[in-house]
Amino acid sequence: MKHVLVVDDVQDNITLLTFDLEDDKFDVIPALDGQSCIDRARIKPTPDIILLDIHMPGIDGIKTLEMLKDDEDTKDIPVIMVSASDTESSIVQAIDLGAHDFVTKPIDYPVLAARMRSALRLSEALKALEHANIELNTLATTDSLTGTYNRRHFFTLSKKEASKKSRYNRHLSIMMIDIDFFKNVNDTYGHAAGDVALKCLIDTIHGARRNYDIVGRLGGEEFAICSPDANLDGANILAERIRSMCEKMPINFQEHNFSITVSIGITELRDNEDFDTALQRSDELLYKAKENGRNQIISGL
């Protein structure tokens, strides 16, 4: 059932309109003035549509509309203005402020109903478009398996932080993380078990990192973290937390129980150095950690 907020300073006008609206299966929310309209429009669930009289004492319809459109919680609710005349300048002003449409008094209900249907269709289409855009953005920026940033978006965000480091003389650390002997996990327990291990690792990383650390899957079992405002010592503390948590973490898949370890390479972005160069250095340090026996951290400048 759709919720319609009917705003009019004359109770009889609301009562008469309510009969038709309820026959059309609308749930009617009455308001006798502009402030009541604003207050009730903010109550969850918010109205699906608002019928707003232009001429009211106190806060008139135009000012009420302006306040609705300035409020993040109510700005997308379609509003149909109700006016005693179709020639007054306030109608033009209302449309410019974002009103969807208008009807004149006395209200011809079939006309109003048609305009309400139009407004609701547009509102639903815009919500569907917004939802689709969110999904597309998620697909474009997120690794589908682990839910963390994909390679491309990791680089985009990290390079922005690298620019800030250069401008404001801040620290920025970069670490590369790789699961040790990951091929053995896939070969022994199957690729589905390997996927579970990757998800467990990223859950561990997200549980250990700061909210503003940037985490990305660069490919396969290889992940990276860009840590703004963290020097090498701070990054080592984070890396050791991740390494230790992984080592102790049991992974259960079907009838299999196993664990993983990780090797980590860490560096800090140097002055006047580009991000790609620093990331390559952290990757080289990662491979030194593997050559030295794995399940360890090697850091350096």
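Just the heavy atoms: all of them, side chains too, but no hydrogens, waters or symmetry mates, feed the values below.
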Ring pair (Phe, Tyr, Trp, His ring centres under 6.0 Å) against Tyr149, all qualifying residues, sequence neighbours excluded:
His153

Name all pairs fulfilling the side chain to side chain donor-acceptor pair (under 3.5 Å) condition that reach into [range], sequence neighbours left out, sorted by first residue then second.
| range | answer |
| --- | --- |
| residues 218-236 | Arg170-Asp229, Asp213-Ser227, Asn236-Ser299 |
| residues 38-50 | Gln35-Asp39, Arg42-Asp71 |
| residues 115-130 | Lys2-Glu124 |

Can you tell me which residue pairs pass the ring pair (Phe, Tyr, Trp, His ring centres under 6.0 Å) test with a partner in residues 238-274, sequence neighbours excluded?
Tyr189-His256, Tyr189-Phe258

Enumerate the residue pairs fulfilling ring pair (Phe, Tyr, Trp, His ring centres under 6.0 Å) with a member in residues 84-136, sequence neighbours excluded, ordered by first and then second residue.
none

Quick one: list whatever passes side-chain contact (heavy atoms from CB on, under 4.5 Å) with [X], sequence neighbours left out.
| X | answer |
| --- | --- |
| Asn186 | Phe182, His191 |
| Asp96 | Val92 |
| Thr18 | Ile14, Glu22, Val28 |

Charged N to carboxylate O under 4.0 angstrom, Asp180 versus Lys290?
yes

Check Lys165 with Glu161, please: is the shortest side-chain N to carboxylate O separation under 4.0 Å?
no

Sorted by chain and residue number, the side-chain hydrogen bond (donor to acceptor under 3.5 Å, both in side chains) partners of Thr156 (sequence neighbours excluded) come out as none

For Asp27, check salt bridge (charged side-chain N to carboxylate O under 4.0 Å, His left out) against everything at least two apart and list the hits.
none

If you look only at pairs with a residue in residues 144-159, which of them pass as a salt bridge (Lys or Arg N to Asp or Glu O under 4.0 Å), with sequence neighbours excluded?
Lys159-Asp276

